[in-house]
Structures are given as C-alpha cells and as structure tokens.
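Just below is one structure, and these are the notes that go with it.
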Amino acid sequence: MTVEINTPHRDYPLPHQNNLLEQDVLRLIQALTQIDVDVEAQQQGQALLQQALEQVAQGSDAKLEELKSLLNQRQVAHQELHRKQKINHLLGESLYPL
C-alpha cells in the first residue's frame, strides 16, 4: 500500500519511508515534472511582465518627449509675448497689439 503525502502548498507528491522504492521513484518523477511545469509558467509570466514594463516605459518616453515639446513651444510663445510687452512698455506706446 502506497503512503500518499504531498507538499502543503503546491501539492507535489513526496516520498515516504514506508513506500517501496519503485513507488517513490514514480512519485518523484511526477513531482519533478510538476515543478518543471510550474517553473516554466513562472518564467513565462516574468517574461510577459518584463515586456509589459518595457512597453509602458517606451510609451512613457514618447509621452514625455511630447510634453517636453509642448512645454518648449509654450515657453517660446511666452518669451515672445514678454518681449513685445517689454518693447511696448519701454516705448510707452503699443507697437505690438497684444
């Protein structure tokens, strides 16, 4: 009679001292196969997560560049408006209608 014991978290079959070696070898083969499947699934999950993070980072870089460009445009427009206001103030007249 085979003693059936398993790991508490992943339910992998474990050998037992009362089992015959032939029985435990089969249980160990089953456990190692399940471990291999679990490790492969975890590695694939990590690879997918890494890809997702890279896509987010690339998207963030593009958004950041777009925001920098918009900010530069606004700064140029603000500097031009400020220049015109300064000229109008210095001359005391309105050369540049604002």
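Counting begins at 1 with the first residue of the sequence. As a basis for the values below, the full set of heavy atoms in this structure was taken, side chains included, without hydrogen atoms, waters or symmetry mates.
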To the nearest 0.5 angstrom, please state how far the [atom1] atom of [X] sits from the [atom2] atom of [Y].
X	Y	atom1	atom2	value
H82	I87	NE2	CD1	11.0 Å
T33	Y12	OG1	OH	11.0 Å
N19	E4	CG	CD	7.5 Å
I29	D24	CD1	CG	11.0 Å
E80	Q85	CD	CD	11.0 Å

**Message:** Going by salt bridge (Lys or Arg N to Asp or Glu O under 4.0 Å), name the pairs with one or both residues in residues 46-60, residues two or more places apart or in two chains.
**Reply:**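 Listed by first then second residue: nothing to list.
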**Within residues 31-51 or reaching into it, pairs that qualify as salt bridge (Lys or Arg N to Asp or Glu O under 4.0 Å) - sequence neighbours excluded** =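 Listed once each, the pairs are R10-D38.
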**Request:** Show which residues join L49 in its hydrophobic cluster (side-chain heavy-atom contacts under 4.5 Å, direct or indirect), or state none.
**Result:**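 L49 clusters with L53.
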Please tabulate, for the side chains in residues 64-74, all donor-acceptor contacts under 3.5 angstrom to protein atoms that are two or more places apart in sequence or on a different chain.
residue	atom	partner	partner atom	Å
N72	ND2	K68	O	3.4

**Non-neighbouring partners of V37 that pass side chain to side chain contact (heavy atoms under 4.5 Å, CB included), sequence neighbours left out** =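 Checked V37 against side chain to side chain contact (heavy atoms under 4.5 Å, CB included); zero matches.
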**Request:** Kindly write out the residues that satisfy side chain to side chain contact (heavy atoms under 4.5 Å, CB included) with I5, not counting sequence neighbours, or none if the list is empty.
**Result:**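 V3, L14, H16, R27.
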Could you work out, with side-chain hydrogen bond (donor to acceptor under 3.5 Å, both in side chains) as the rule, every residue matching [X], not counting sequence neighbours?
X	result
T2	Q23
Q46	none
D11	N6

**Item:** Contacts of type salt bridge (charged side-chain N to carboxylate O under 4.0 Å, His left out), residue E22, not counting sequence neighbours
**Value:**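 E22 satisfies salt bridge (charged side-chain N to carboxylate O under 4.0 Å, His left out) with no residue once adjacent residues are dropped.
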**P13 to A31 - nearest heavy-atom pair and separation** =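 Result for this residue pair: O-CB, 3.4 Å.
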